[in-house]
Amino acid sequence: MPGERPELYEVLDERFRTGRCTAGDSKLEVLHEGCRWAEGPLYVPAGRYLLWSDIPNDRLLRWDETTGKVGVFRSPAGYPNGNTLDGEGRLITCEQGNRRVTRTEHDGSVTVIADRFRGKRLNSPNDAVVRSDGSVWFSDPDFGIASDYEGHRAESEIGACNVYRVDPGSGEVRLVADGFSGPNGLVFSPDERRLYVSDSRANHIRVFDVDGERGTLSGGEVFAACRIGTFDNIRFDDAGRLWAAALDGGVHCYDPDGTLLGRLLVPDVVANIRFGGARRNRLFIAADTALYSLVMSVTGTPPLPARRP
C-alpha cells in the first residue's frame with residue numbers, strides 16, 4: 001500500500017488517517033501545463049475524458065484518459081468556468097463572458113438555459129449542479145464582469161450576487177438564495193436534501209435545506225469557515241466528507257460535522273476539483289496553470305441517474 005507523504009497529506013484530525021483519506025498515491029500526477037487559469041474540471045464517463053476550462057484563454061480543453069493527449073474542445077467558449085453533466089449526459093457550462101448557462105446537446109448544438117433574471121442580464125454564472133429532477137442550480141457572482149481578464153467588464157444589472165434555479169419544465173429562472181458576497185462553488189449532499197454553497201469573498205461555506213417539491217431553499221447557516229486559503233468549488237465523497245478547493249490553501253477535507261480533517265498540499269493555487277475515473281477515485285485538480293490528478297483511496301459520489309423521457 002502506498003505510504004503517505006507529509007508534503008502531500010496534512011493530517012489535522014486522526015479521522016483523516018483512519019478514514020483512509022491518506023492511503024492513495026504519494027504524489028500528484030501532472031496531466032497538463034500551459035493554461036492561463038484552469039477551472040471547472042469535469043470527467044465524462046461515457047467517453048473516458050476530462051473537460052476543463054482555461055478561462056482567460058477563452059477555451060474548453062479535453063484530456064483523453066486512454067491516450068493522455070490534450071486538445072481544444074471548444075474555442076471561443078464564452079470564457080467558461082464551471083461544467084457539469086445533466087441526467088442525459090449533456091454538458092452544462094457556466095459561460096462568464098456570455099453571462100449565461102448553456103447546455104450542449106448530443107448533436108453539438110448549444111442551448112441557452114439561463115441568461116436573465118426578471119429581464120435583467122445575469123452577472124457571470126460561475127458553477128452549476130443538476131438535481132435528479134432535472135433542475136439546474138447555479139451561482140452568479142460578479143467575477144466575470146469585474147474586469148476583462150475572465151470575461152467582459154460591465155456593471156451588474158441585477159445589483160447582487162445570488163444563487164438561482166432553472167425549472168426543468170418551464171425553464172423559469174428563480175432566485176433561491178441571496179445575501180452572498182461572492183457565491184462560487186455549490187454541490188448537493190449525496191441525498192440531495194442539502195445544498196452547500198461556498199462564498200469566496202466571505203470565505204465560508206453555507207448549507208441550505210432543500211425542498212425538492214417546491215424547488216426552494218431554507219436555512220443557510222455557516223458549515224465551515226476557511227482558516228487557510230480561500231474557498232472556491234466543493235465536492236463530496238461517498239462517505240459524506242466535503243472536499244473544498246481552497247486556492248493557496250490546497251484542498252481541504254471536512255467531516256460531515258464540519259471538522260477540518262486534513263489537507264492536500266498542492267504546489268499551485270487550487271481553483272477547482274472533481275472526482276472521476278472509472279472508479280470515481282481519481283481526484284482531478286485544476287490549479288493555476290496546470291491540471292493534476294491524484295488516485296485516492298476515497299471515492300466520489302456517483303453521477304446522476306439517467307432520466308427517463
Side-chain angles (χ1 to χ4, degrees), residues 2 4-11 16 21-45 48-57 59-65 68 70 73 80-84 94 126-127 129 184-187 196 198 200 205 226 228-238 241-254 260-301:
E4 67 181 64
R5 303 243 325 252
E7 61 266 31
L8 177 58
Y9 301 98
E10 181 182 35
V11 178
F16 195 55
C21 298
T22 65
D25 281 354
S26 60
K27 62 181 181 179
L28 296 169
E29 179 182 359
V30 181
L31 301 181
H32 182 72
E33 295 179 291
C35 299
R36 185 158 274 139
W37 178 244
E39 294 228 28
L42 169 67
Y43 183 76
V44 182
R48 292 190 62 189
Y49 61 84
L50 183 97
L51 298 176
W52 82 99
S53 302
D54 184 2
I55 304 176
N57 283 327
R59 60 184 183 173
L60 280 169
L61 297 176
R62 180 184 185 275
W63 171 79
D64 190 303
E65 185 177 30
V70 171
F73 178 80
N81 196 321
N83 301 284
T84 194
C94 293
N126 185 282
D127 196 16
V129 288
N184 197 324
L186 64 171
V187 67
Y196 292 73
S198 69
S200 292
I205 298 169
C226 191
I228 308 168
T230 303
F231 283 139
D232 202 302
N233 91 316
I234 46 182
R235 291 289 178 260
F236 271 102
D237 66 25
D238 64 1
R241 292 175 293 243
L242 184 68
W243 297 76
L247 298 187
D248 57 357
V251 179
H252 294 193
C253 176
Y254 290 88
L260 177 59
L261 302 178
R263 296 193 298 149
L264 303 179
L265 304 182
V266 180
D268 291 317
V269 177
V270 180
N272 280 188
I273 57 174
R274 172 83 66 163
F275 286 100
R279 299 183 179 183
R280 303 191 309 277
N281 65 337
R282 189 171 193 170
L283 184 68
F284 294 95
I285 302 171
D288 203 352
T289 62
L291 177 69
Y292 296 93
S293 81
L294 181 70
V295 178
M296 305 187 70
S297 52
V298 302
T299 303
T301 54

Who pairs with Asp54 by salt bridge (Lys or Arg N to Asp or Glu O under 4.0 Å), at least two apart in sequence or on another chain? Arg59
State, yes or no, whether a side-chain contact exists between Met296 and Trp243 at a heavy-atom distance under 4.5 Å. yes
Identify, with sequence neighbours excluded, every residue that meets salt bridge (Lys or Arg N to Asp or Glu O under 4.0 Å) alongside Arg282. Glu29, Glu65
With side chains defined as the heavy atoms from C-beta onward, is the minimum distance between Asp237 and Phe275 less than 4.5 Å? yes
Check against side-chain hydrogen bond (donor to acceptor under 3.5 Å, both in side chains), Asp232 and Asn272: CA-CA 7 Å; Asp232 202 302; Asn272 280 188; 3.0 Å; yes
Of all the heavy-atom pairs spanning Asn81 and Ser53, show the shortest one and how long it is. O-OG, 2.7 Å
Can you check whether Leu50 reaches Val44 side chain to side chain, under 4.5 Å on heavy atoms? no
Please test Asp288 against Trp37 for side-chain hydrogen bond (donor to acceptor under 3.5 Å, both in side chains), starting from the C-alpha separation and ending with a verdict. CA-CA 5 Å; Asp288 203 352; Trp37 178 244; over 6 Å; no
List in chain and number order the residues that pass salt bridge (Lys or Arg N to Asp or Glu O under 4.0 Å) with Asp64, two or more places apart in sequence or in another chain; answer none if no residue qualifies. Arg62
Are Tyr49 and Tyr43 close enough that some pair of their side-chain heavy atoms sits under 4.5 Å apart? no
Smallest heavy-atom separation, Ser200 atom then Phe231 atom, equals OG-O, 2.6 Å
Within a strict 4.5 Å, meaning less than it, do heavy atoms of the Cys94 and Asn126 side chains meet? no
